[in-house]
J.: 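One structure follows; several queries about it will come next.
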Amino acid sequence: MKTTAWLFDLYPLHDRMVLWFLTPEGKRLRLVDDFAYRVYLGGPEARLRGLARAWKKGGWVQRVYATRGRDLWSGEEIPVLALELKSYAHLPRLRDWLGAQKEGLAGYNCDLDLAAYYLYRRKLWPCAWYDLEVRDGGLLSIYPLEDQFALEYTLPPLSIMTLGLTRDPLIPLAAGNGLVVGWEDHHLELEAQDAPSLVRELARLLKGQDPDLVLSDWGDEEIIPPLWDWSQQYKVPLPLDREPGPAPRRFKNGRSYFSYGQIVYQGASAPFFGRWHLDRRNSFFFRESGLMGPVQIARLGQMPLQQAARTSPGTLITSMQLARAVADGILIPWRKGEPERFKSAAELLVIDKGGLTFMPPVGVHFQTAELDFASMYPTIMTIHNISPETVNCGCCGGNDAAEGTTGLIEGEKVKRGKGEKGLVDINLGREVLIPLCPSSPFSPGLKPWPSPHKPVPEAGYRLCRRREGLVPRTLRPILELREGLKARAREVGPGEARQYQERQNALKWMLVTCFGYLGYKNARFGRIEAHEAVTAYGRDKLLTAKEICEAGGYRVLHGLTDCLWVKKEGLNRGELDALCREISRATGVKLALEGIYRWIVFLASRQDPQRPVATRYFGVFEDGSLKVRGLSCRRRDTPPFVRRAQKALLERLATAATPADLAALGPELEEMAAGFRQRLRDGDLKPQELVITRVLSQPVEEYRVDTATALAARQLQAAGIHLVPGEKVRYVQLERKGPKETRVRAAPFLDTLDRYDTGHYMELLDRAIDEVLLPFAGVSSEQ
DNA sequence: TGCCAGTAAAG
DNA sequence: CTGCCTACTGGCA
């Protein structure tokens, strides 16, 4: 049977992949695909021959054969042994065996996520339409009907059920907390009754509605795990999945990890099988971009949507690099090899810097514009060919490196064809041919900037001129798609623009992280020299931009990594656009006018009012929109009341265009500020308005100082609620001094709150008010 | 008063 | 997918 359908969900089950499709008529299709996990072994050929004989006799593998693959670091083709495992369960044992081998044997492609590896190998991606050929519930062939990086695509109609809690998520389900279920225009609060009847009630609704998507708040940690436990315990079936047999359900634990020097907590996950469960409180991409975020990244990252939604941008960009590597026939090293080359202390001093900063003059400025480089770091990686394997590569140091070899990883060598779309029939025993490195040497479209022969500024590293690196190959299509989405968002009306905005925003985070990952010692495709090369080029380009601005008669007020603020009497859009074009030409990175400010304020350091700080500023563009960075209202530890007060003042300020306007607003703003102070003193604010949110930076026991955060976390601990690093603590400050037990009150114990530390909140409020009003104290109407 | 642990922001 | 740099606050001696 042939049909058209949308790839919805997939997961491994008993050594096969199960795929769920939705048809345009709204039917659900469950199909099975035999897929053997294939790993590669590299080493001396004699050793590989010996191993091949041994493996054939053993019971783990269904196929063993000699083949070739491309080494990531050298770009050379090397002989390898391919092993196709009989069972997915043998994978950990194979890794154990590999780990125990002595030097000289390298394992490749042996630690990839099963579903993702399946998608890489089959060249498929979720949330796209395919033509399928089906027989007896098995997938015979599959062909995509759209491009992976398409600007436009459609989703089939999805039936949605929502799930939430009636009270604070720290209160356990059915022990003070109730379940809220919604579908279409229904909204039902299931009373917090006994556990079995709660399960029974939800089971009835799930069965009746059979939603494609269950969209929850706190479902991953607070709702699904207890419901599932009760379902097992009381033998009440709960049809979370569409998988007919028992699903391989396991709740992945939450974990705390560091990212960009900050601790983050990724909650446990409770995915469904054949149905989507998305916990919007536990999905970075959903929080950032709504449903289109996870959909877009599941396609690009070639990852099941439920996994993609819960993953970090770093894991996602790694997945794209892995997909690229598999598609290009590159062998994926098991653990990262390359150690960082030794550097002298003097070298470190020169190289180990981040973005460049110019310090702004404190105070209010008029006639000022902001210019931003678009996706500066990813563009640098792309145009300068920066990738872990291209920095000080082995092939360009000498003279006669292998140039332009193409071939196939399995099967005989052939010339690379044009427009290699790379879609293959499902193999069903047939060998899948994988082209090697399609852009080796540099593809015709790639123009190294300005010359690949020049060493990296400051660091002096060389970059490969023969092979385009894995990172640039991965980034180029993302950059193109993001530019396309941004352009589309500008063309269409505001209503339609939203989905394009959501999608381009999801891509932004992948691009940002891709750069960050180059610097991680343990990232699979990280290499510190590559990271340094990127920031070195970044500083070089910002400096170039500054010089061009100054040559054009502009005064550069401020600069921050990839943005510039410039000032000139009578500055206008036409001249600025021309300036941007000139800088874009000179640097190879697109510089665009972010906007002309009616006025902008650069704030002073609070410790030394003479000294500016780089990252705190606010201003109003010509169209009246605000840009605010680093102020109280941008901080997550600012209580909502203070945040709202500051925002109200800012919004009033945004109506002023000229120095005279600003001066005239003074009395009204003071009056507003007085009003906020009075409300605080009156003491009738709701506790929710005063909640301070902080992230736990370490295990509760390890706090040496009794900060409010530590006290609040201990209060929760005493009530049996255990928090781990990266989780949020919410509390209200009751009194600053006095016994530690009563200084703060943690949420969710705020219902009975009858007082708060007015002095503390007044300080926060004053600080927020001063931040936005004090800079205008000296502004007179003549300025 | 000064030190430093703890926390957050912008890019 | 496992630790930027700088600014700032507040506990504590």
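Predicted, not measured: the structure shown is a model, and the values here were computed from it. Lettering follows sequence order; numbering is per chain, from 1.
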J.: From the list B:dA9, C:dC1, B:dG6, which nucleotide is the closest neighbour of the side chain of A:S697?
T.: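 Nearest nucleotide to the side chain: B:dG6.
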J.: When you check the phosphate oxygens OP1 and OP2 of B:dT7, does a side-chain N or O of A:T709 lie under 4.0 Å from one of them?
T.: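 Result: yes.
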J.: Within the structure shown, what part of the strands sits under 4.0 Å from A:Y377 by heavy-atom distance: base, sugar-phosphate, or nothing?
T.: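 No contact.
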J.: Suppose you measure atom C1' in B:dT7 against the same atom in C:dC4; what distance do you get, rounded to whole Å?
T.: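 Roughly 15 Å separates the two C1' atoms.
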J.: OP1 or OP2 of B:dA8 versus the side-chain N and O atoms of A:R616: is any pair under 4.0 Å?
T.: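 Answer no for this pair, as no side-chain N or O of A:R616 is under 4.0 Å from OP1 or OP2.
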J.: Just to be sure I understand the rule, does A:F515 reach a base, reach only the sugar-phosphate, or reach nothing, if contact means heavy atoms closer than 4.0 Å?
T.: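 No contact.
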J.: So, is A:R634 near the phosphate of B:dA8, with a side-chain N or O under 4.0 Å from OP1 or OP2?
T.: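 No, A:R634 has no side-chain N/O under 4.0 Å of OP1/OP2 on B:dA8.
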J.: Remember a base hit wins even if backbone is also touched, and classify A:V695 as base, sugar-phosphate or nothing at under 4.0 Å, heavy atoms.
T.: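 Sugar-phosphate, no base atom in range.
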J.: Counting only side-chain heavy atoms from C-beta out, which of B:dA9, C:dT2, B:dG6 sits nearest to A:T615?
T.: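 Looking only at side-chain atoms, A:T615 lies closest to B:dA9.
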J.: Heavy atoms from C-beta onward define the side chain here; which of B:dG11, C:dT2, B:dT7 lies closest to that of A:D562?
T.: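 The listed nucleotide nearest to A:D562's side chain is B:dG11.
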J.: For A:T357, answer base if it contacts any base atom (sugar-phosphate contacts may also be present), sugar-phosphate if it contacts only those atoms, and nothing otherwise; contact means non-hydrogen atoms under 4.0 Å.
T.: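 If one applies the 4.0 Å heavy-atom cut-off, A:T357 turns out to touch nothing in the nucleic acid.
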J.: So, do A:Y37 and A:Y88 have ring centers that fall under 6.0 Å from each other?
T.: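 No.
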J.: Would you mind pulling out the nucleotide paired to C:dC12, Watson-Crick or G-U wobble, both distances under 3.5 Å?
T.: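 B:dG2 - that is the nucleotide pairing with C:dC12, both distances being under 3.5 Å.
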J.: Does the structure show a Watson-Crick or G-U wobble partner for C:dG3, both distances under 3.5 Å? Name it, or say none.
T.: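 Partner of C:dG3: none.
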J.: So which protein nitrogen or oxygen atoms get under 3.5 Å of nucleotides 9-13 of chain C's nitrogens or oxygens?
T.:
unit_1 : atom_1 : unit_2 : atom_2 : d
C:dT9  : OP1    : A:R606 : NE     : 2.6
C:dT9  : OP1    : A:R606 : NH2    : 3.2
C:dC12 : OP1    : A:D706 : N      : 3.4
C:dC12 : OP1    : A:D706 : OD2    : 3.3

J.: Assign the ring pair A:Y537 / A:H384 to parallel, tilted or perpendicular, where the plane angle (0 to 90°) is split at 30° and 60°.
T.: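 It falls in the parallel class, under 30°.
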J.: Taking only the C1' atom of each, what is the distance from C:dG3 to B:dA8 in whole angstrom?
T.: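 My reading of the C1' atoms in C:dG3 and B:dA8 gives 16 Å.
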J.: For A:G314, report the nucleic acid contact type (base, sugar-phosphate, nothing); a contact means any heavy atom under 4.0 Å.
T.: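 Nothing: the residue A:G314, judged by heavy atoms under 4.0 Å, touches no strand.
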J.: Sticking with atom C1', work out how far C:dC5 lies from B:dG6, rounded to a whole angstrom.
T.: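 It works out to 16 Å between them.
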J.: With side-chain hydrogen bond (donor to acceptor under 3.5 Å, both in side chains) as the test, pick out the partner of A:D220 among A:Q266, A:R281, A:R310, A:K252.
T.: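 Exactly one pass, corresponding to A:R310.
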